[in-house]
Visitor: 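Take this structure, written in structure tokens, and hold onto it; I'll ask about it next.
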Amino acid sequence: MGPHPAVAAIRLAVRRVLHDLLTEHHTNTTLHAPAHALPGAPSDTGAPPVHTPPTAVPPAAVPVEVRRGSSARPGAVRTRAAADEHPLVLVACSGGADSMALASALAFEAPKLGVRAGGITVDHGLQPGSDLRAEEVALRLRELGLDPVESVAVTVGRGGGPEAAARDARYAALDAALERHGATAVLLGHTRDDQAETVLLGLARGSGIRSLSGMAAVSGADGRYRRPFLQLDRQTARKACMVQSLPVWDDPHNADPAYTRSRLRHEGLPALEKALGKGVVEALARTARLSRDDADALDTWARQAEASVRDAAGLLECAKLYALPPAVRRRILRRAAIEAGAPAGSLFARHIEEIDRLITGWRGQGAINLPGRVVAQRQGGRLVIRQG
């Protein structure tokens, strides 16, 4: 008799991601292997070629910073070369149902594929006893057989609101852990429900199609973040934990109406389902996938078109920009503003619309002030964007 359907579903999702990571890993190590190490390459001694998997060129060692709850040895040093044939994959685990289900699936699937599996839990320090709770989560991860395991404390700032600040601190900690251990990737437990919420939040902000595309299955530098559960609903992950008797922790912030996402989860989405019927979450997640495809295509078009709208000095020509479709033109304008020094996170649609009016609604208006002390102005048929 096979596993419960919920358990089978989460394991299959993780297995697919691990297969992708292994394929990418072996491709990268082959591309970076010395010629004499490649399968079939002749040896200096004239002996027949050795048909063994290629190994990567060892980069610089990365020191391991031992944190509270870490299973790493003090003073230990890891290198990325240690992951030649057995890459390390970490799971980010808060102790909630989604991430505990993900951790259990990784612990089950990784050994069968020759992948080393570890875990990291981040203590945001936003609730009393959060340090003890993080240590409990680390203990559960080790009980699943994950190694290395770390509990890392972070300081959450105030920029961008509490949710954004906590997210920034968390990802900074995950980036550091990945580098410290020489890991290939970090698995995140975002589900289809999280994706639907993200789409609605983008819609409420009046954002463009990129925001409506939600979270990518693969993101971060070098594709380091993977989200295996974007096609699975939250209930499947919770059911998988229940049938495996995995203890889970329900973060009280997830039910706190002070947080926008919490209100959307407990009030907004249920109201939409009541008005529109079941299937809203699945439809929103599908919208995210379709929007991502469209946004990727438009980004590619904009990159290819940018060279054709610049003059010999590299300045943007307004007439040529005017001839482009608005979605392509505005992408070029956004890229130009960011390259000039405008922070991407502070550059909103209204800023790009103001720049766009210098091209499509030119009436002799003055310069546009942008975040990062960047100024955009029209001069002699050219659009000049620079730090003012």
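By convention here, the first residue in the shown sequence is residue 1. Everything quoted here is computed from the prediction, not taken from an experiment.
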Visitor: Has Thr360 got a side-chain atom pairing as donor or acceptor with Asp356's backbone, closer than 3.5 angstrom?
Guide: yes

Visitor: Please determine whether salt bridge (charged side-chain N to carboxylate O under 4.0 Å, His left out) holds for the pair Arg334 and Glu306, giving the CA-CA distance in whole Å, both sets of side-chain angles, and the decisive distance to 0.1 Å.
Guide: CA-CA 11 Å; Arg334 178 177 174 81; Glu306 185 170 356; over 6 Å; no

Visitor: Under a 4.0 Å threshold between the charged nitrogen and the carboxylate oxygen, would Glu109 count as salt-bridged to Lys112?
Guide: yes

Visitor: Any donor-acceptor pair under 3.5 Å linking the side chain of Gln365 with the backbone of Gly361?
Guide: yes

Visitor: Looking only at heavy atoms, which two atoms of Ala288 and Val199 are closest? And how far apart?
Guide: CB-CG2, 3.6 Å

Visitor: Using atom types as modelled and distance alone, determine if a side-chain donor or acceptor of Asp222 lies under 3.5 Å from a backbone N or O of Arg224.
Guide: no

Visitor: CG of Leu174 to CD of Glu179: how many Å apart, nearest 0.5 Å?
Guide: 12.0 Å

Visitor: Before you tell me yes or no, could you show the steps for Arg263 and Glu197 under salt bridge (charged side-chain N to carboxylate O under 4.0 Å, His left out), namely the whole-Å CA-CA distance, both residues' side-chain angles and the distance that decides it to 0.1 Å?
Guide: CA-CA 10 Å; Arg263 294 195 301 273; Glu197 293 162 6; over 6 Å; no

Visitor: State, to 0.1 Å, how close Ala340 and Gln387 come at their nearest heavy-atom pair, and which atoms those are.
Guide: O-CG, 3.1 Å

Visitor: Do Leu201 and Leu203 belong to the same hydrophobic cluster, where Ile, Leu, Val, Met, Phe, Trp and Tyr are linked whenever their side-chain heavy atoms lie under 4.5 Å apart, directly or via other members?
Guide: yes

Visitor: Would you check if Arg15 and Leu12 make a side-chain contact, meaning some heavy-atom pair closer than 4.5 Å?
Guide: yes

Visitor: Taking C-beta and beyond as the side chain, do Pro228 and Arg16 meet within less than 4.5 Å on heavy atoms?
Guide: no

Visitor: Do Arg192 and Thr236 come within less than 4.5 Å of each other through their side chains, counting heavy atoms only?
Guide: no

Visitor: Starting at OG1 of Thr260, measure out to CG of Leu200 and round the result to the nearest 0.5 Å.
Guide: 12.5 Å

Visitor: Output yes when a side-chain donor or acceptor of Ser99 lies under 3.5 Å from a complementary backbone atom of Ser94, and no otherwise.
Guide: yes

Visitor: How long is the gap from CE on Met100 to CD on Gln244, to the nearest 0.5 Å?
Guide: 9.0 Å

Visitor: Determine the sole option in Asp250, Asp98, Asp233, Asp193 for which the salt bridge (Lys or Arg N to Asp or Glu O under 4.0 Å) test with Arg238 is passed.
Guide: Asp250

Visitor: Decide yes or no for His124 and Val154: does some side-chain heavy atom of the first lie under 4.5 Å from some side-chain heavy atom of the second?
Guide: yes

Visitor: Between Leu88 and Thr184, is the side chain to side chain contact (heavy atoms under 4.5 Å, CB included) condition met? List the steps.
Guide: CA-CA 6 Å; Leu88 172 65; Thr184 298; 5.7 Å; no

Visitor: Tell me whether His26 contacts the main-chain N or O of Thr23 through its side chain, where contact means a donor paired with an acceptor under 3.5 Å.
Guide: no

Visitor: If the threshold is 4.0 Å, N to carboxylate O, is there a salt bridge linking Asp147 and Arg142?
Guide: no

Visitor: Do Glu143 and Arg140 pass the salt bridge (charged side-chain N to carboxylate O under 4.0 Å, His left out) test, and can you show the C-alpha distance, the side-chain angles, and the key distance before you say yes or no?
Guide: CA-CA 5 Å; Glu143 289 174 345; Arg140 292 173 189 169; over 6 Å; no

Visitor: Check this for me, if you would: do Arg357 and Glu354 make a salt bridge, where the nitrogen-to-carboxylate-oxygen distance has to be below 4.0 angstrom?
Guide: yes

Visitor: Distance-only check: which donor-acceptor pairs under 3.5 Å involve side-chain atoms of residues 213-220, not counting sequence neighbours?
Guide:
unit_1, atom_1, unit_2, atom_2, d
Ser213, OG, Arg210, O, 2.4
Ser213, OG, Arg292, NH2, 3.4
Ser219, OG, Arg227, NH1, 2.9

Visitor: Indicate whether the side chain of Thr300 and that of Arg303 have a donor and an acceptor atom separated by less than 3.5 Å.
Guide: yes

Visitor: Running the 4.5 Å side-chain criterion over Ile, Leu, Val, Met, Phe, Trp and Tyr, what cluster does Ile332 land in, apart from itself?
Guide: Leu298, Trp301, Val309, Leu316, Leu321, Tyr322, Leu324, Val328, Leu333, Ile338, Leu347, Ile352, Ile355, Leu358, Ile359, Trp362, Ile368, Leu370, Val374, Leu383, Ile385

Visitor: How long is the gap from CG on Leu90 to CD on Glu150, to the nearest 0.5 Å?
Guide: 8.5 Å

Visitor: Go through Glu317 and Arg310 one step at a time and tell me if the salt bridge (charged side-chain N to carboxylate O under 4.0 Å, His left out) criterion holds.
Guide: CA-CA 6 Å; Glu317 298 187 62; Arg310 291 186 182 273; over 6 Å; no

Visitor: Are any non-hydrogen side-chain atoms of Leu21 and Glu24 less than 4.5 angstrom apart?
Guide: yes

Visitor: Give a yes or no on whether the backbone of Ala183 and the side-chain of His181 come within a donor-acceptor separation of less than 3.5 Å.
Guide: no

Visitor: Out of curiosity, does Leu106 fall in the hydrophobic cluster containing Leu230 (side-chain heavy atoms, cut-off under 4.5 Å, transitive links)?
Guide: no

Visitor: Decide yes or no for Arg382 and Cys318: does some side-chain heavy atom of the first lie under 4.5 Å from some side-chain heavy atom of the second?
Guide: no

Visitor: Determine the minimum heavy-atom distance between Ala101 and Ala240, stating which atoms define it.
Guide: CB-CB, 4.5 Å

Visitor: Count I, L, V, M, F, W, Y as connected when their side-chain heavy atoms are under 4.5 Å apart, and connections chain through other members. Are Val152 and Leu188 then in the same cluster?
Guide: yes

Visitor: Could you give me the CA-CA distance, side-chain angles and deciding distance for Leu232 and Thr191, then say whether side chain to side chain contact (heavy atoms under 4.5 Å, CB included) is met?
Guide: CA-CA 6 Å; Leu232 300 177; Thr191 64; 5.7 Å; no

Visitor: Examine Val115 and Ile10 and state if one hydrophobic cluster contains both, with Ile, Leu, Val, Met, Phe, Trp and Tyr joined whenever side-chain heavy atoms are less than 4.5 Å apart.
Guide: yes

Visitor: Hey, does the side chain of Gln195 reach the backbone of Gln231 with a donor-acceptor pair shorter than 3.5 angstrom?
Guide: no

Visitor: Tell me if the NZ atom of Lys274 is crowded by more than 12 foreign heavy atoms within 6.0 Å.
Guide: no

Visitor: With a 4.5 Å heavy-atom cut-off, do Leu269 and Leu284 have their side chains touching?
Guide: yes

Visitor: Quick one: do Val7 and His4 satisfy side chain to side chain contact (heavy atoms under 4.5 Å, CB included)? Show the steps, please.
Guide: CA-CA 5 Å; Val7 176; His4 186 279; 4.1 Å; yes

Visitor: Is a side-chain N or O of His86 found less than 3.5 angstrom from the main chain of Gly114, in a donor-acceptor match?
Guide: yes

Visitor: Once rounded to the nearest 0.5 Å, what's the spacing between atom CZ of Arg133 and atom CH2 of Trp249?
Guide: 4.5 Å

Visitor: Which pair of heavy atoms, one from Tyr225 and one from Tyr171, lies closest together, and at what distance?
Guide: OH-O, 3.4 Å

Visitor: What residue among Leu141, Val122, Ile120, Thr121 forms side-chain contact (heavy atoms from CB on, under 4.5 Å) with Ser151?
Guide: Thr121

Visitor: Using the rule side-chain hydrogen bond (donor to acceptor under 3.5 Å, both in side chains), only one of Arg335, Gln304, Arg331 pairs with Asp299; which is it?
Guide: Arg331

Visitor: Does Phe108 share a hydrophobic cluster with Leu18, counting links as ILVMFWY side-chain heavy atoms below 4.5 Å and allowing steps through other members?
Guide: no

Visitor: Compare every heavy atom of Ala97 with every heavy atom of Cys241, then report the nearest pair and how far apart it is.
Guide: SG-O, 3.2 Å

Visitor: Any salt bridge linking Arg234 with Asp194? Criterion: basic side-chain nitrogen under 4.0 Å from a carboxylate oxygen.
Guide: yes

Visitor: Looking at every non-hydrogen atom in both residues, tell me the closest pair between Leu178 and Val186 and how far apart they are.
Guide: CD1-CG2, 3.6 Å

